[in-house]
2 protein chains.
Amino acid sequence: MSAREKILDTALKLFNDKGTAAVSTNHIAEAAGISPGNLYYHFRNKEEIIRELFQRLNTTWETYQPLPQDRAPIINDLEAVIKSNYQIIWQYRFAYRELVALLRQDAELRANFLAVRQRGYEGFHQLLHTFSDAGAIRLPDDPQIANELQEICWLISEFWLTSLEVNGRKVNEAEMQRGVNLIRRVIQPYLA
Amino acid sequence: MSAREKILDTALKLFNDKGTAAVSTNHIAEAAGISPGNLYYHFRNKEEIIRELFQRLNTTWETYQPLPQDRAPIINDLEAVIKSNYQIIWQYRFAYRELVALLRQDAELRANFLAVRQRGYEGFHQLLHTFSDAGAIRLPDDPQIANELQEICWLISEFWLTSLEVNGRKVNEAEMQRGVNLIRRVIQPYLA
DNA sequence: ATACTCCTAGAGTAAATACTCTAGGAGATA
DNA sequence: TATCTCCTAGAGTATTTACTCTAGGAGTAT
């Protein structure tokens with residue numbers, strides 16, 4: 001593995017474990033088994049490492065194809081989508097825990113992340129209508145109600161893992177399933 | 001105002017504005033218009049200041065009486081409760097934004113906060129049953145479903161403001177009302 | 001062989017940060 | 001007046017942090 005990759009992997013692990021504020025570039029270099037000078041050869045500073053990690057995260061969001069392309073989606077596919085979301089968020093949990101602070105202190109980071117997130121939100125909108133067209137759910141006629149439901153589901157999927165961590169719960173398959181159940185509970189009154 | 005109060009008020013403001021990591025004790029002292037030595041006369045370190053702010057927050061949660069005591073509650077009272085919650089969370093928003101990190105690095109803080117939060121959660125449980133008994137809502141017979149609904153409402157009320165901030169929205173009365181509407185949307189299918 | 005590019009180590013530095021220490025002022029009490 | 005407690009200022013220090021600089025190794029092209 002190249003030094004650059006080692007730095008990014010190590011930084012991600014340390015950030016997830018201790019938070020960005022508690023991890024210095026020297027810590028990262030030491031944990032990655034390289035010299036500080038070498039780290040600064042590959043990255044200008046800590047901010048740039050964070051940016052690169054967000055770039056990886058963005059790429060993950062943009063490339064993953066959650067739905068099967070060969071048939072119409074059924075309601076269980078929605079569960080699979082949500083679980084995939086949780087997996088990704090858990091992989092980059094430092095980012096979601098510290099989102100407000102990280103986005104505030106780096107305008108470029110903010111712009112990129114929000115653009116990708118916006119596309120994700122629109123994709124989710126599409127997804128719901130795909131399910132609706134396929135007859136899996138019955139969206140309310142009032143589009144504002146549908147929007148509110150979507151907003152609730154989005155909020156749960158974005159903050160469920162953080163909420164688990166606040167409660168001091170281990171994050172595992174079963175807890176993720178509970179998060180899926182909550183979202184299911186929200187749309188349950190609107191199932192076909 | 002005493003120096004101690006000045007320190008706490010200033011720290012709260014700076015933490016809310018810039019996050020705890022970006023604010024040093026020297027910053028706090030300077031912004032409060034006192035000397036660093038004086039700050040350290042009143043507090044052993046930054047951690048102790050944060051603890052004291054959490055203590056204030058805990059006291060706020062424990063003392064506020066959201067419901068009118070002189071009559072049975074109606075559904076609009078629930079809105080008032082949620083709005084009060086948002087006000088308190090907004091006042092101490094640094095805490096809710098950085099909750100995972102702050103609780104992890106201070107076991108005592110964690111224990112106190114979670115205990116108060118647990119009582120709040122139980123109070124919310126009571127509240128829902130009070131509404132149910134008063135005929136304002138009709139909770140589902142299956143207690144697990146009722147619990148899931150409660151969990152969803154709790155998650156929204158705890159993370160709605162953070163979600164607004166991530167979206168770059170100004171936090172104001174109207175946006176708080178939208179957060180209230182989302183919770184209302186969750187329980188709407190179960191209104192009497 | 002020479003040179004050139006890419007990468008790496010590690011010593012070194014300026015600034016920031018958390019925290020200490022000493023000297024002393026203000027007001028109450030003896 | 002003397003003393004005692006409580007509070008305050010501000011200089012000073014050890015450590016950490018971000019970041020720089022120089023010397024050189026490993027391949028590859030000439």
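Computed from a predicted structure; not experimentally measured. Order of the sequence lines fixes the chain letters, A, B, ..., with proteins taken first and strands second; residue numbering starts at 1 for each chain.
The distance from atom CD1 of B:Ile7 to atom P of D:dC7 is 11 Å, rounded to the nearest whole Å. Rounded to whole Å, the distance from CZ on A:Phe43 to C1' on C:dT8 is 15 Å. Whole-Å rounding puts the A:Lys6 NZ to C:dA9 C1' distance at 13 Å. One interatomic measurement links the two molecules: CZ of B:Arg4 to P of D:dC6, which rounds to 15 Å at whole-angstrom precision. Summarising the geometry, the separation between CD on A:Glu30 and P on C:dG10 is reported as 12 Å, rounded to the nearest angstrom.
Residues A:Arg117 and B:Asn167 bring a donor and an acceptor atom of their side chains to less than 3.5 Å of each other.
Hydrophobic clustering keeps B:Ile187 apart from B:Ile74 (ILVMFWY residues linked when any side-chain heavy atoms are closer than 4.5 Å, directly or through intermediates).
A donor-acceptor distance shorter than 3.5 angstrom exists from the side chain of A:Gln150 to the backbone of A:Tyr121, with no hydrogens or angles considered.
The phosphate of C:dT8 has OP1 or OP2 within less than 4.0 Å of a side-chain N or O from A:His42. Within the structure, every side-chain polar atom (N or O) of A:Ser35 is placed at least 4.0 Å from both OP1 and OP2 of C:dG10. In this model, the phosphate group of D:dC7 is approached by a side-chain N or O of B:Tyr41 to a distance below 4.0 Å at OP1 or OP2.
Salt bridge status for B:Arg4 with B:Glu52: present, with a side-chain N to carboxylate O gap under 4.0 Å.
Using cut-offs of 30° and 60° for the angle between ring planes, the B:Phe94 and B:Phe15 rings count as tilted. The aromatic rings of B:His125 and B:His129 lie tilted to each other, with the angle between the two planes from 30° to 60°.
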For nucleotides 13-21 of chain C, give me one character per nucleotide, 5' to 3': B if any protein heavy atom sits under 4.0 Å from the base, S if the only such contacts are to the sugar-phosphate, - if neither. ----SBBBB

